[in-house]
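To start, the structure under review is shown below, and the notes come after it.
Residue numbers begin at 1 in each chain, while the letters A, B, ... track the order of the sequences.
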Protein chains: 2
Amino acid sequence: MKNVTIQDIARVAGVSKSTVSRVLNGTVAVNPEKKKSVLDATKRLGFKPSLIARSLASGRSMTIGVLTQMIGSPFYDAISQGVIAGLGDTGYSPLFADGRWQVQKEADALTALVGRRVDGVVLVGGSMTSEQISEVCMGLPTLTVARRFYDQPIHSIAIDNELGGYQATDCLLRLGHQRIAMIRGIEQHEDARDRFAGYQRAMGEAGVAVDPSLVVDGDFSAESGIRAVGELLSRGCEFSAIFAANDLTAFGARLALDRNGLRVPDDVSLVGFDDQMESAFFVPPLTTIRQPAREMGKQASVAMMNLINGSGFESCLLTSELVVRESTRSVKD
Amino acid sequence: MKNVTIQDIARVAGVSKSTVSRVLNGTVAVNPEKKKSVLDATKRLGFKPSLIARSLASGRSMTIGVLTQMIGSPFYDAISQGVIAGLGDTGYSPLFADGRWQVQKEADALTALVGRRVDGVVLVGGSMTSEQISEVCMGLPTLTVARRFYDQPIHSIAIDNELGGYQATDCLLRLGHQRIAMIRGIEQHEDARDRFAGYQRAMGEAGVAVDPSLVVDGDFSAESGIRAVGELLSRGCEFSAIFAANDLTAFGARLALDRNGLRVPDDVSLVGFDDQMESAFFVPPLTTIRQPAREMGKQASVAMMNLINGSGFESCLLTSELVVRESTRSVKD
DNA sequence: TTGTAAGCGTTATCAC
DNA sequence: GTGATAACGCTTACAA
């Protein structure tokens with residue numbers, strides 16, 4: 001089945017290709033009658049303009065490439081949604097590609113995006129280095145979300161993870177906790193390091209020494225939360241609260257605590273990070289740090305539009321918010 | 001910054017466009033020397049072939065459009081991952097678009113996909129009617145995942161939701177429960193209806209009459225789980241088990257039960273549907289029906305490849321699996 | 001206001 | 001093997 005082209009429409013409507021194009025794009029005024037017959041023909045023949053040909057001819061694809069890491073993380077998902085929302089009716093459409101958190105796949109996907117001649121690239125998370133990215137994108141407007149780069153060419157929209165870590169720890173300290181354990185995220189992950197830094201700062205400011213035996217490594221997974229609590233318990237050190245690097249880890253920790261007869265929040269207070277959908281319905285509902293994920297995605301879209309039309313880039317570091325629910329309570333005396 | 005074209009390479013390498021194309025695609029043999037110089041030039045100039053021009057010229061875009069509904073659902077996410085995995089090294093790349101569960105957006109996104117001249121379309125969930133889809137896709141290989149169509153032109157890969165509903169209910173019945181409540185999903189949603197049908201069949205086969213007052217409506221959200229339990233309790237009817245239409249609903253139900261002093265599984269057994277990641281770490285870990293989401297996505301890719309190269313379509317209805325964890329126990333006597 | 005014609009960057013079809 | 005040259009479907013000067 002051959003596709004209907006602009007030429008077919010022109011023939012049927014009795015006008016030239018150009019006129020059809022003009023009607024379709026509304027670039028310049030055309031005779032109402034002709035306009036009508038073009039529109040009619042369009043509808044009658046079921047004409048679907050080829051965006052491909054259009055891009056090739058105009059040089060702009062009117063699409064923004066969005067490279068995600070679909071690890072099933074609600075956080076990254078929310079960002080994507082924000083990007084979509086932010087693009088709204090700008091005329092640009094998002095084109096998603098996925099890196100699956102594997103550098104090679106990520107590079108391939110990005111190359112594919114660039115090959116499709118997207119007008120800009122938004123990278124949500126990911127692990128390619130700034131150099132690798134620049135090499136592939138070559139001057140294309142590029143920005144990252146939920147990942148901070150300090151280089152000039154790649155702009156980034158991120159939240160202040162250090163602040164988040166501080167907020168979580170501070171909340172616990174205010175409730176009178178001193179023996180606060182922290183389950184960290186992936187060590188190489190900058191977010192994880194920042195959150196831990198926030199924990200350290202809060203402890204320091206409160207004049208509470210950080211006990212190294214209360215800090216356990218994790219990897220952002222629920223399993224690692226379980227393991228971490230096991231580790232903490234086997235070390236035999238006392239703690240009245242746990243700050244987990246993300247909600248998923250907190251879920252695992254909560255389960256492990258339960259299995260060991262420790263009640264949340266009665267015996268141990270628990271704070272997560274992310275505020276993913278399920279957290280509000282956990283038993284007990286989880287106190288956590290909300291990341292404005294959706295908002296970040298929106299900001300990314302707005303920033304991208306500015307980048308494209310040359311308005312420049314306004315750097316912004318969004319802030320997280322403490323959401324107090326029922327997994328925390330003041331320390332028993 | 002002008003993009004490097006095949007023409008530039010040709011000039012630098014001292015050959016014709018055609019030869020460059022041949023080297024790049026490896027269609028026919030070319031002189032090794034020329035080949036080398038082309039490859040060199042390619043690398044040196046940082047040439048990135050324009051997939052757009054390629055598609056226009058060849059008529060095939062080598063991309064499969066995947067229309068998702070990014071509602072942040074782990075289930076649909078897993079399907080997408082399956083599709084990606086299934087495409088593997090077939091040479092085809094997935095092109096994602098999103099409908100956000102809004103018919104209009106969905107139609108727009110699908111139109112955009114078709115406009116991009118994808119070689120096939122995979123619809124993951126969604127709410128467009130079979131007619132609407134056909135109208136937009138016009139003869140393009142199309143198939144749906146997690147949604148069943150009985151029409152000829154649109155193939156579908158789905159799981160047997162009725163069976164899943166049966167499995168969940170049967171599991172409860174075998175544990176001795178008779179007063180089994182069901183929190184249904186969105187009424188218009190076929191999956192929801194099928195799951196309920198499975199519940200009815202299991203009850204029927206066990207010779208247990210379905211008490212209408214034990215059936216409550218929900219909408220697949222955690223909030224609806226909370227509301228449903230409230231409703232059940234206010235009706236004052238007794239029940240020793242609940243089958244929730246999906247895990248999220250089960251989460252909400254679990255929280256509501258807790259708030260009302262009912263323990264899971266001691267007072268009430270609870271079964272969900274989906275087996276989303278968090279379910280294994282719930283307190284208590286949730287007994288649920290696992291949907292082979294990833295597998296479905298993979299199957300979709302395979303089926304699409306067959307559709308494209310004309311091998312025809314082998315319909316398949318995948319089956320769900322009961323995952324017994326700790327939210328269920330035999331009825332107290 | 002409208003038509004003609006020249007691209008846009010590839011692939012594909014020819015001859016050579 | 002290789003190089004012209006014509007598509008592919010559309011946009012966009014440039015004329016008229």
Counting side-chain heavy atoms from CB outward, which of dT2(C), dT10(C), dG3(D) is closest to Thr5(B)? dT10(C)

At under 4.0 Å between heavy atoms, what does Ser18(A) touch on the DNA or RNA strands: base, sugar-phosphate, or nothing? base

I'd like to know if Arg11(A) and Asp8(A) make a salt bridge, using a cut-off of under 4.0 Å between side-chain N and carboxylate O. yes

Counting only side-chain heavy atoms from C-beta out, which of dT10(C), dT2(C), dT1(C) sits nearest to Val30(A)? dT2(C)

Let me spell it out: for each of Ser55(A) and Val28(B), pick the nucleotide of DNA chain D with the closest heavy atom. Which residue's pick is nearer the 5' end? Val28(B)

Rounding to an integer number of Å, can you tell me how far Ile6(B) CD1 sits from dC8(D) P? 19 Å

Arg11(A) has an atom CZ; how far is it from atom P of dC10(D), in whole Å? 13 Å

Could you give the CE-to-P distance, from Met62(A) to dC8(C), as a whole number of Å? 21 Å

If you pin Ala57(B) and Asn31(B) to their nearest nucleotides in DNA chain D, which one's is more 5'? Asn31(B)

Is the phosphate of dG3(C), meaning OP1 or OP2, less than 4.0 Å from a side-chain N or O of Thr19(A)? yes

Length of the CZ-C1' vector between Arg117(A) and dT10(C), whole Å: 11 Å

Contact class for Ser50(A) (heavy atom, under 4.0 Å): base, sugar-phosphate, or nothing? sugar-phosphate

Once you round it to whole Å, what is the distance between P of dT10(C) and CG of Asn25(B)? 10 Å

With the side chain defined as heavy atoms from C-beta on, Ala53(B) is closest, among dG3(C), dG9(D), dG9(C), to dG9(C)

Applying a 4.0 Å non-hydrogen cut-off, can you work out what Lys17(A) is touching in the nucleic acid: base, sugar-phosphate, or nothing? base

OP1 or OP2 of dC10(D) less than 4.0 angstrom from a side-chain nitrogen or oxygen of Ser21(A), does that happen here? no

Side chains of Ser311(B) and Asn309(B): any donor to acceptor distance under 3.5 Å? yes

Between Gln299(A) and Val145(A), is a side-chain contact (heavy atoms from CB on, under 4.5 Å) present by the stated rule, with each step listed? CA-CA 9 Å; Gln299(A) 293 279 357; Val145(A) 186; over 6 Å; no

Below 4.0 angstrom, N of the basic side chain to O of the carboxylate: do Asp40(A) and Lys43(A) qualify? no

Rounded to whole Å, CD1 of Ile9(B) lies from P of dT2(D) at a distance of 17 Å

Between dT1(C) (P) and Glu33(A) (CD): distance, integer Å: 14 Å

Distance check needed: dT11(C) C1' versus Arg54(B) CZ, whole Å only. 9 Å

Counting side-chain heavy atoms from C-beta on, which of dC8(D), dG3(D), dC8(C) comes nearest to Leu56(A)? dC8(C)

Under 3.5 Å, is there a donor-acceptor pair linking the side chains of Ser21(A) and Ser18(A)? no

